[in-house]
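To find a chain, count down the sequence lines: A is the first, B the second, and so on, and within it residues start at 1. Model, not experiment: these values are computed from the prediction.
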Amino acid sequence: MSFVTVPNFNHPLPPNGINSVPTLAGSSPADINGSGQWVAYVGEMPITATIDRLFFRIGSATTGCGALARIETVDTATGLPTGTLVHANASQSVTITSGGADYTVTFPGTFSIVKGARFAIVVAHNSGSPVAIRFSEFSDDNSGCGFPYMLDYDVSAGFRNQIALNWGLGVSGGSAVRLPFMWPINAVSNETFRASSTPDTIGNRFTLAAPMRICGVWAWLDLDDTATIHLYAADGATSLASVNLTASLPPNALANLNYHLFASSVELAAGTYYLAVEATGSANIGLATCTFPDASWRAGSPLGGADFVYATCTQAPTGTGDWTVTDTKQCFLGLIIDGIDDGAGGGGGGGETSHVFAS
Amino acid sequence: MNAGFTGLPEWLQVPFVPFQENVILLLDGGNDNLARRVVTAIYPPTGWTAEQITAFDEAKAEILAGIDDLMADAEANDPLRSPEAIALIEDAAERRSAS
(Lines give C-alpha, C1' and ligand atoms only; values in the text may rest on other atoms or scores of the structure.)
Protein backbone atom coordinates (compact mmCIF):
# COMPACT_ATOMS: atom_id res chain seq x y z
CA MET A 1 0.00 0.00 0.00
CA SER A 2 1.10 3.54 -0.72
CA PHE A 3 -1.07 6.41 0.33
CA VAL A 4 -1.69 9.74 -1.35
CA THR A 5 -2.76 12.52 0.98
CA VAL A 6 -6.14 14.00 0.05
CA PRO A 7 -8.22 16.73 1.63
CA ASN A 8 -10.23 15.19 4.45
CA PHE A 9 -13.55 13.69 3.43
CA ASN A 10 -16.19 11.71 5.25
CA HIS A 11 -17.22 8.17 4.49
CA PRO A 12 -20.11 7.78 4.66
CA LEU A 13 -21.49 11.31 4.61
CA PRO A 14 -23.61 12.44 7.54
CA PRO A 15 -27.11 13.81 6.84
CA ASN A 16 -27.11 17.48 6.00
CA GLY A 17 -29.98 18.87 8.05
CA ILE A 18 -29.35 17.54 11.52
CA ASN A 19 -31.50 19.11 14.20
CA SER A 20 -30.96 17.53 17.63
CA VAL A 21 -32.19 13.94 17.97
CA PRO A 22 -33.13 12.08 14.77
CA THR A 23 -36.74 12.28 13.63
CA LEU A 24 -39.05 10.47 11.21
CA ALA A 25 -42.46 11.97 10.56
CA GLY A 26 -45.35 12.00 8.16
CA SER A 27 -44.64 14.78 5.72
CA SER A 28 -47.39 17.16 4.69
CA PRO A 29 -45.44 18.20 1.57
CA ALA A 30 -45.41 14.53 0.48
CA ASP A 31 -49.01 13.44 0.68
CA ILE A 32 -51.92 11.98 -1.23
CA ASN A 33 -55.22 13.64 -0.49
CA GLY A 34 -57.41 12.83 -3.45
CA SER A 35 -57.90 11.48 -6.92
CA GLY A 36 -55.13 12.11 -9.41
CA GLN A 37 -52.49 12.89 -6.80
CA TRP A 38 -49.03 11.38 -6.72
CA VAL A 39 -45.61 11.67 -5.13
CA ALA A 40 -42.43 10.97 -7.05
CA TYR A 41 -38.67 10.74 -6.56
CA VAL A 42 -36.73 11.57 -9.71
CA GLY A 43 -33.13 10.40 -9.85
CA GLU A 44 -30.45 8.57 -11.82
CA MET A 45 -29.30 5.01 -11.36
CA PRO A 46 -25.80 4.81 -9.80
CA ILE A 47 -25.39 1.18 -10.92
CA THR A 48 -26.96 -1.16 -13.43
CA ALA A 49 -29.32 -3.27 -11.36
CA THR A 50 -32.15 -5.75 -11.61
CA ILE A 51 -35.06 -4.25 -9.73
CA ASP A 52 -37.68 -6.36 -7.99
CA ARG A 53 -39.40 -4.25 -5.33
CA LEU A 54 -40.06 -0.87 -3.71
CA PHE A 55 -40.29 0.14 -0.10
CA PHE A 56 -42.13 3.11 1.32
CA ARG A 57 -43.24 4.03 4.79
CA ILE A 58 -46.45 5.89 5.52
CA GLY A 59 -45.99 8.28 8.43
CA SER A 60 -49.66 8.98 8.99
CA ALA A 61 -52.97 8.42 7.23
CA THR A 62 -56.50 9.43 8.11
CA THR A 63 -58.11 7.33 5.36
CA GLY A 64 -56.21 4.93 3.12
CA CYS A 65 -56.62 4.21 -0.58
CA GLY A 66 -55.58 1.99 -3.42
CA ALA A 67 -52.32 3.14 -5.00
CA LEU A 68 -49.95 2.25 -7.80
CA ALA A 69 -46.22 1.95 -7.15
CA ARG A 70 -44.40 2.48 -10.43
CA ILE A 71 -41.11 3.31 -12.03
CA GLU A 72 -41.58 5.62 -14.98
CA THR A 73 -39.49 7.46 -17.52
CA VAL A 74 -38.92 11.20 -17.10
CA ASP A 75 -39.86 13.89 -19.59
CA THR A 76 -36.67 15.68 -20.57
CA ALA A 77 -38.42 19.01 -21.17
CA THR A 78 -40.33 19.33 -17.88
CA GLY A 79 -38.61 16.88 -15.53
CA LEU A 80 -41.99 15.29 -14.78
CA PRO A 81 -42.75 11.57 -14.74
CA THR A 82 -44.33 10.61 -18.06
CA GLY A 83 -46.67 7.82 -17.00
CA THR A 84 -44.71 5.49 -19.27
CA LEU A 85 -43.17 2.57 -17.42
CA VAL A 86 -39.45 1.88 -17.70
CA HIS A 87 -40.51 -1.75 -18.17
CA ALA A 88 -43.83 -3.57 -18.39
CA ASN A 89 -43.15 -5.14 -14.96
CA ALA A 90 -42.54 -1.79 -13.26
CA SER A 91 -46.02 -1.26 -11.83
CA GLN A 92 -47.78 -2.88 -8.93
CA SER A 93 -50.94 -2.00 -7.05
CA VAL A 94 -50.83 -1.64 -3.30
CA THR A 95 -53.45 -0.87 -0.67
CA ILE A 96 -52.46 1.80 1.84
CA THR A 97 -54.42 1.14 4.99
CA SER A 98 -52.80 3.05 7.83
CA GLY A 99 -50.04 5.31 9.02
CA GLY A 100 -47.00 4.26 10.99
CA ALA A 101 -46.70 1.29 8.64
CA ASP A 102 -44.20 -0.12 6.13
CA TYR A 103 -45.16 -1.13 2.60
CA THR A 104 -42.92 -3.38 0.53
CA VAL A 105 -44.26 -3.71 -3.00
CA THR A 106 -42.93 -6.60 -5.09
CA PHE A 107 -43.23 -6.06 -8.83
CA PRO A 108 -44.84 -8.80 -10.94
CA GLY A 109 -41.41 -9.53 -12.44
CA THR A 110 -37.86 -8.20 -12.35
CA PHE A 111 -36.43 -5.70 -14.80
CA SER A 112 -33.13 -3.95 -15.35
CA ILE A 113 -32.35 -0.24 -15.15
CA VAL A 114 -28.95 0.71 -16.49
CA LYS A 115 -26.40 2.94 -14.81
CA GLY A 116 -27.05 6.58 -15.56
CA ALA A 117 -30.67 6.12 -16.61
CA ARG A 118 -33.04 8.78 -15.34
CA PHE A 119 -36.17 7.42 -13.73
CA ALA A 120 -39.10 8.42 -11.53
CA ILE A 121 -40.37 6.29 -8.69
CA VAL A 122 -44.05 7.21 -8.51
CA VAL A 123 -46.66 6.32 -5.91
CA ALA A 124 -49.99 7.45 -7.30
CA HIS A 125 -53.59 7.36 -6.16
CA ASN A 126 -55.50 4.59 -7.89
CA SER A 127 -58.80 4.08 -6.09
CA GLY A 128 -60.79 5.16 -3.06
CA SER A 129 -61.01 8.49 -1.26
CA PRO A 130 -57.74 9.11 0.57
CA VAL A 131 -57.49 11.61 3.38
CA ALA A 132 -54.12 12.93 4.54
CA ILE A 133 -51.90 10.03 3.53
CA ARG A 134 -48.47 11.34 4.42
CA PHE A 135 -45.27 9.60 3.42
CA SER A 136 -42.68 9.30 6.13
CA GLU A 137 -39.58 11.42 5.72
CA PHE A 138 -36.24 11.67 7.50
CA SER A 139 -36.42 15.32 8.40
CA ASP A 140 -32.73 15.51 9.35
CA ASP A 141 -31.68 15.10 5.72
CA ASN A 142 -34.31 17.18 3.96
CA SER A 143 -32.32 20.27 3.13
CA GLY A 144 -32.62 19.06 -0.40
CA CYS A 145 -30.78 19.68 -3.62
CA GLY A 146 -31.48 20.49 -7.25
CA PHE A 147 -31.13 16.92 -8.44
CA PRO A 148 -32.39 14.36 -7.55
CA TYR A 149 -35.70 15.84 -6.49
CA MET A 150 -39.07 14.97 -5.03
CA LEU A 151 -42.34 16.00 -6.63
CA ASP A 152 -45.71 16.14 -4.92
CA TYR A 153 -48.58 16.60 -7.35
CA ASP A 154 -51.54 17.87 -5.39
CA VAL A 155 -53.47 19.39 -8.31
CA SER A 156 -53.97 22.69 -6.52
CA ALA A 157 -50.89 23.07 -4.35
CA GLY A 158 -47.35 21.84 -3.97
CA PHE A 159 -44.99 20.41 -6.52
CA ARG A 160 -41.28 20.30 -5.85
CA ASN A 161 -40.29 19.85 -2.22
CA GLN A 162 -37.11 19.19 -0.31
CA ILE A 163 -37.90 15.90 1.31
CA ALA A 164 -35.78 12.90 2.25
CA LEU A 165 -38.34 10.15 1.72
CA ASN A 166 -38.31 6.85 3.59
CA TRP A 167 -38.47 4.98 0.33
CA GLY A 168 -36.26 2.26 -1.10
CA LEU A 169 -35.50 0.70 -4.47
CA GLY A 170 -34.89 -3.03 -4.11
CA VAL A 171 -32.43 -5.10 -6.11
CA SER A 172 -33.22 -8.72 -6.90
CA GLY A 173 -31.40 -11.13 -4.60
CA GLY A 174 -31.90 -9.17 -1.40
CA SER A 175 -30.13 -5.88 -1.91
CA ALA A 176 -31.05 -2.27 -2.58
CA VAL A 177 -29.86 0.76 -4.53
CA ARG A 178 -28.22 3.62 -2.68
CA LEU A 179 -29.81 6.85 -3.81
CA PRO A 180 -29.12 10.37 -2.53
CA PHE A 181 -31.73 11.70 -0.10
CA MET A 182 -33.53 8.34 0.00
CA TRP A 183 -33.62 6.58 3.36
CA PRO A 184 -35.15 3.07 3.37
CA ILE A 185 -35.55 3.11 7.15
CA ASN A 186 -38.57 2.81 9.40
CA ALA A 187 -37.26 4.13 12.72
CA VAL A 188 -34.58 6.36 14.18
CA SER A 189 -33.43 6.63 17.75
CA ASN A 190 -31.14 8.49 20.10
CA GLU A 191 -29.82 5.44 21.95
CA THR A 192 -28.70 6.31 25.44
CA PHE A 193 -26.06 4.46 27.41
CA ARG A 194 -23.49 5.08 30.14
CA ALA A 195 -20.36 3.44 31.54
CA SER A 196 -22.44 1.11 33.72
CA SER A 197 -24.67 0.05 30.81
CA THR A 198 -24.58 -3.32 29.09
CA PRO A 199 -23.49 -2.77 26.40
CA ASP A 200 -21.40 0.30 27.14
CA THR A 201 -20.02 0.50 23.59
CA ILE A 202 -22.15 1.03 20.48
CA GLY A 203 -21.00 1.51 16.92
CA ASN A 204 -20.65 0.05 13.46
CA ARG A 205 -18.72 -2.89 12.14
CA PHE A 206 -17.57 -1.75 8.72
CA THR A 207 -15.83 -3.07 5.65
CA LEU A 208 -13.42 -1.09 3.51
CA ALA A 209 -13.38 -2.08 -0.14
CA ALA A 210 -9.98 -0.49 -0.65
CA PRO A 211 -7.08 0.72 1.52
CA MET A 212 -7.71 4.07 3.16
CA ARG A 213 -5.96 6.21 5.73
CA ILE A 214 -8.26 7.24 8.58
CA CYS A 215 -7.56 10.46 10.45
CA GLY A 216 -10.71 10.73 12.53
CA VAL A 217 -14.37 10.05 13.05
CA TRP A 218 -17.72 11.79 12.88
CA ALA A 219 -20.58 10.85 15.18
CA TRP A 220 -24.08 12.15 15.83
CA LEU A 221 -23.94 12.34 19.62
CA ASP A 222 -25.81 13.79 22.55
CA LEU A 223 -22.65 14.22 24.56
CA ASP A 224 -23.81 14.83 28.11
CA ASP A 225 -20.81 13.04 29.62
CA THR A 226 -17.45 11.66 28.58
CA ALA A 227 -16.90 9.05 25.91
CA THR A 228 -14.14 7.36 23.93
CA ILE A 229 -14.41 6.48 20.27
CA HIS A 230 -12.43 3.37 19.36
CA LEU A 231 -11.26 1.99 16.04
CA TYR A 232 -10.68 -1.75 16.41
CA ALA A 233 -8.98 -4.20 14.06
CA ALA A 234 -10.74 -7.11 12.39
CA ASP A 235 -10.09 -9.26 15.48
CA GLY A 236 -12.50 -7.02 17.39
CA ALA A 237 -9.99 -6.52 20.19
CA THR A 238 -6.89 -4.70 18.98
CA SER A 239 -7.28 -0.95 19.31
CA LEU A 240 -5.85 0.81 16.26
CA ALA A 241 -6.79 4.32 17.36
CA SER A 242 -9.02 6.09 19.84
CA VAL A 243 -10.06 9.57 20.82
CA ASN A 244 -11.33 10.69 24.20
CA LEU A 245 -14.28 13.09 24.26
CA THR A 246 -15.30 15.41 27.04
CA ALA A 247 -18.93 16.32 27.58
CA SER A 248 -20.02 18.98 25.10
CA LEU A 249 -18.15 22.22 25.58
CA PRO A 250 -19.76 24.63 25.90
CA PRO A 251 -22.53 22.53 27.49
CA ASN A 252 -25.16 21.63 24.91
CA ALA A 253 -28.34 19.78 25.75
CA LEU A 254 -28.93 18.87 22.10
CA ALA A 255 -27.62 16.07 19.95
CA ASN A 256 -25.28 17.22 17.22
CA LEU A 257 -22.62 16.13 14.81
CA ASN A 258 -19.17 15.79 16.32
CA TYR A 259 -16.00 15.60 14.26
CA HIS A 260 -12.83 14.44 16.05
CA LEU A 261 -9.33 13.57 14.90
CA PHE A 262 -7.14 10.73 16.12
CA ALA A 263 -3.70 11.69 17.43
CA SER A 264 -2.21 9.96 14.38
CA SER A 265 -3.77 8.77 11.15
CA VAL A 266 -4.19 5.02 10.74
CA GLU A 267 -3.54 3.17 7.48
CA LEU A 268 -6.09 0.45 6.93
CA ALA A 269 -5.98 -2.31 4.34
CA ALA A 270 -9.22 -3.43 2.71
CA GLY A 271 -11.08 -5.49 5.26
CA THR A 272 -13.40 -5.43 8.24
CA TYR A 273 -13.06 -3.20 11.30
CA TYR A 274 -15.09 -1.87 14.22
CA LEU A 275 -15.75 1.80 14.99
CA ALA A 276 -17.59 2.33 18.24
CA VAL A 277 -18.42 4.84 20.97
CA GLU A 278 -17.71 3.79 24.55
CA ALA A 279 -19.62 5.68 27.25
CA THR A 280 -17.11 6.37 30.04
CA GLY A 281 -19.10 8.56 32.42
CA SER A 282 -21.85 8.08 34.96
CA ALA A 283 -24.42 10.04 32.95
CA ASN A 284 -26.05 8.87 29.74
CA ILE A 285 -24.75 9.87 26.35
CA GLY A 286 -26.82 9.41 23.20
CA LEU A 287 -25.85 8.04 19.81
CA ALA A 288 -28.17 8.34 16.82
CA THR A 289 -29.17 5.08 15.12
CA CYS A 290 -31.60 3.97 12.44
CA THR A 291 -33.51 0.77 11.78
CA PHE A 292 -34.37 -0.92 8.47
CA PRO A 293 -37.55 -2.87 7.64
CA ASP A 294 -35.29 -5.86 7.05
CA ALA A 295 -31.56 -6.37 6.55
CA SER A 296 -31.79 -6.24 2.74
CA TRP A 297 -32.65 -2.52 2.80
CA ARG A 298 -29.44 -1.65 4.65
CA ALA A 299 -27.68 -1.90 1.29
CA GLY A 300 -29.67 1.16 0.24
CA SER A 301 -28.67 3.25 3.23
CA PRO A 302 -26.75 6.49 2.70
CA LEU A 303 -24.84 5.52 5.87
CA GLY A 304 -22.43 3.26 4.03
CA GLY A 305 -24.85 0.72 2.62
CA ALA A 306 -24.29 -2.93 3.43
CA ASP A 307 -20.69 -2.20 4.43
CA PHE A 308 -21.69 -0.60 7.75
CA VAL A 309 -23.69 -2.52 10.34
CA TYR A 310 -24.64 -1.88 13.96
CA ALA A 311 -22.43 -3.64 16.51
CA THR A 312 -22.14 -3.44 20.29
CA CYS A 313 -19.90 -4.79 23.01
CA THR A 314 -19.09 -4.31 26.66
CA GLN A 315 -15.57 -3.14 27.47
CA ALA A 316 -13.09 -4.46 26.94
CA PRO A 317 -13.70 -6.71 23.92
CA THR A 318 -11.32 -9.66 23.59
CA GLY A 319 -12.42 -10.81 20.15
CA THR A 320 -15.16 -10.77 17.54
CA GLY A 321 -17.22 -13.08 19.74
CA ASP A 322 -17.67 -10.25 22.24
CA TRP A 323 -19.49 -8.16 19.63
CA THR A 324 -23.21 -8.42 18.93
CA VAL A 325 -24.10 -7.43 15.38
CA THR A 326 -27.63 -6.36 14.45
CA ASP A 327 -28.02 -6.44 10.69
CA THR A 328 -31.18 -4.33 10.62
CA LYS A 329 -29.55 -1.27 12.19
CA GLN A 330 -26.80 1.30 11.67
CA CYS A 331 -25.28 4.07 13.76
CA PHE A 332 -24.81 7.60 12.50
CA LEU A 333 -21.09 7.17 12.84
CA GLY A 334 -18.44 7.32 10.15
CA LEU A 335 -14.86 7.84 9.11
CA ILE A 336 -12.83 10.91 8.23
CA ILE A 337 -10.33 9.93 5.57
CA ASP A 338 -7.13 11.81 4.69
CA GLY A 339 -5.36 9.32 2.42
CA ILE A 340 -6.23 6.88 -0.33
CA ASP A 341 -4.18 4.07 -1.85
CA ASP A 342 -2.47 5.15 -5.07
CA GLY A 343 -2.20 1.55 -6.22
CA ALA A 344 1.60 1.59 -6.22
CA GLY A 345 3.28 -1.34 -4.57
CA GLY A 346 0.34 -3.67 -5.05
CA GLY A 347 -1.57 -5.56 -2.43
CA GLY A 348 -4.15 -4.33 -0.03
CA GLY A 349 -6.93 -3.96 -2.54
CA GLY A 350 -10.11 -5.93 -2.27
CA GLY A 351 -13.15 -6.62 -4.35
CA GLU A 352 -15.72 -3.88 -4.54
CA THR A 353 -18.29 -4.27 -1.84
CA SER A 354 -20.10 -1.03 -2.32
CA HIS A 355 -20.44 1.98 -4.53
CA VAL A 356 -19.32 5.11 -2.72
CA PHE A 357 -20.84 8.44 -3.60
CA ALA A 358 -22.20 11.49 -1.91
CA SER A 359 -25.66 11.37 -0.46
CA MET B 1 -39.10 39.46 -3.21
CA ASN B 2 -39.39 41.55 -0.04
CA ALA B 3 -43.02 40.68 0.81
CA GLY B 4 -43.66 44.22 2.03
CA PHE B 5 -40.78 44.59 4.49
CA THR B 6 -39.36 47.70 2.87
CA GLY B 7 -42.59 49.65 2.36
CA LEU B 8 -42.92 50.45 6.06
CA PRO B 9 -41.92 53.65 7.86
CA GLU B 10 -38.34 53.36 9.06
CA TRP B 11 -39.23 53.21 12.76
CA LEU B 12 -41.73 50.44 12.11
CA GLN B 13 -39.21 48.37 10.16
CA VAL B 14 -36.95 48.06 13.21
CA PRO B 15 -38.41 44.89 14.80
CA PHE B 16 -38.53 43.19 11.40
CA VAL B 17 -35.00 44.03 10.25
CA PRO B 18 -33.17 41.14 12.01
CA PHE B 19 -35.46 38.62 10.28
CA GLN B 20 -35.85 40.21 6.87
CA GLU B 21 -32.92 38.50 5.15
CA ASN B 22 -33.84 35.05 6.46
CA VAL B 23 -37.47 35.45 5.40
CA ILE B 24 -36.42 36.50 1.90
CA LEU B 25 -34.06 33.52 1.65
CA LEU B 26 -36.85 31.21 2.77
CA LEU B 27 -39.19 32.65 0.17
CA ASP B 28 -36.55 32.30 -2.53
CA GLY B 29 -36.28 28.66 -1.56
CA GLY B 30 -40.03 28.15 -1.69
CA ASN B 31 -40.32 27.62 2.07
CA ASP B 32 -43.28 29.95 2.44
CA ASN B 33 -44.77 28.12 5.41
CA LEU B 34 -41.55 28.53 7.39
CA ALA B 35 -41.33 32.18 6.29
CA ARG B 36 -44.84 32.76 7.67
CA ARG B 37 -43.85 31.11 10.94
CA VAL B 38 -40.81 33.36 11.25
CA VAL B 39 -42.87 36.49 10.63
CA THR B 40 -45.60 35.35 13.00
CA ALA B 41 -42.99 34.94 15.75
CA ILE B 42 -41.76 38.54 15.50
CA TYR B 43 -42.95 40.75 18.36
CA PRO B 44 -42.74 44.51 19.01
CA PRO B 45 -40.01 45.81 21.32
CA THR B 46 -40.74 46.25 25.00
CA GLY B 47 -42.02 49.71 25.80
CA TRP B 48 -43.87 50.47 22.61
CA THR B 49 -47.14 52.33 23.03
CA ALA B 50 -50.52 50.78 22.22
CA GLU B 51 -50.64 52.92 19.10
CA GLN B 52 -47.24 51.68 17.98
CA ILE B 53 -48.22 48.08 18.69
CA THR B 54 -51.36 48.46 16.60
CA ALA B 55 -49.26 49.77 13.72
CA PHE B 56 -46.86 46.85 14.24
CA ASP B 57 -49.71 44.30 14.13
CA GLU B 58 -51.04 45.85 10.92
CA ALA B 59 -47.57 45.76 9.37
CA LYS B 60 -47.16 42.11 10.33
CA ALA B 61 -50.53 41.29 8.74
CA GLU B 62 -49.49 43.12 5.57
CA ILE B 63 -46.23 41.21 5.38
CA LEU B 64 -48.05 37.90 5.82
CA ALA B 65 -50.49 38.91 3.08
CA GLY B 66 -47.50 39.87 0.93
CA ILE B 67 -46.08 36.39 1.36
CA ASP B 68 -49.40 34.92 0.23
CA ASP B 69 -49.39 37.16 -2.86
CA LEU B 70 -45.81 36.26 -3.72
CA MET B 71 -46.50 32.57 -3.46
CA ALA B 72 -49.67 32.87 -5.54
CA ASP B 73 -47.68 34.66 -8.24
CA ALA B 74 -44.93 32.06 -8.09
CA GLU B 75 -47.43 29.25 -8.44
CA ALA B 76 -49.21 30.96 -11.33
CA ASN B 77 -45.89 31.32 -13.15
CA ASP B 78 -44.55 27.88 -12.19
CA PRO B 79 -43.33 26.18 -15.37
CA LEU B 80 -44.56 22.91 -13.92
CA ARG B 81 -48.08 24.38 -14.26
CA SER B 82 -47.66 25.51 -17.84
CA PRO B 83 -50.17 24.23 -20.42
CA GLU B 84 -47.48 21.89 -21.74
CA ALA B 85 -46.78 20.46 -18.29
CA ILE B 86 -50.49 20.09 -17.51
CA ALA B 87 -51.00 18.25 -20.80
CA LEU B 88 -48.13 15.93 -19.92
CA ILE B 89 -49.56 15.29 -16.45
CA GLU B 90 -52.95 14.43 -17.95
CA ASP B 91 -51.35 12.12 -20.50
CA ALA B 92 -49.32 10.46 -17.75
CA ALA B 93 -52.48 9.89 -15.70
CA GLU B 94 -54.11 8.19 -18.69
CA ARG B 95 -51.06 5.98 -19.16
CA ARG B 96 -51.16 4.98 -15.49
CA SER B 97 -54.80 4.02 -15.84
CA ALA B 98 -54.01 1.94 -18.88
CA SER B 99 -50.97 0.06 -17.58
task = Give, for atom CG of D75(A) and atom CD of E84(B), the distance between the pair rounded to the nearest 0.5 Å.
result = 10.5 Å
ask   = What distance do L88(B) atom CG and L80(A) atom CG have between them, rounded to the nearest 0.5 Å?
value = 5.5 Å
key: Heavy-atom pair with the smallest gap, counting every atom of A92(B) and P81(A)   = CB-O, 3.8 Å
ask   = By a 4.5 Å heavy-atom criterion (distance strictly below it), what part of A93(B) contacts chain A: side chain, backbone, both, or neither?
value = neither
remark   = Those residues at least two apart in sequence (or on a different chain) that pass salt bridge (Lys or Arg N to Asp or Glu O under 4.0 Å) with E72(A) are R70(A), R96(B)
inquiry  = Is I89(B) in contact with chain A via its backbone, its side chain, both, or neither, using a 4.5 Å heavy-atom distance?
reply    = side chain
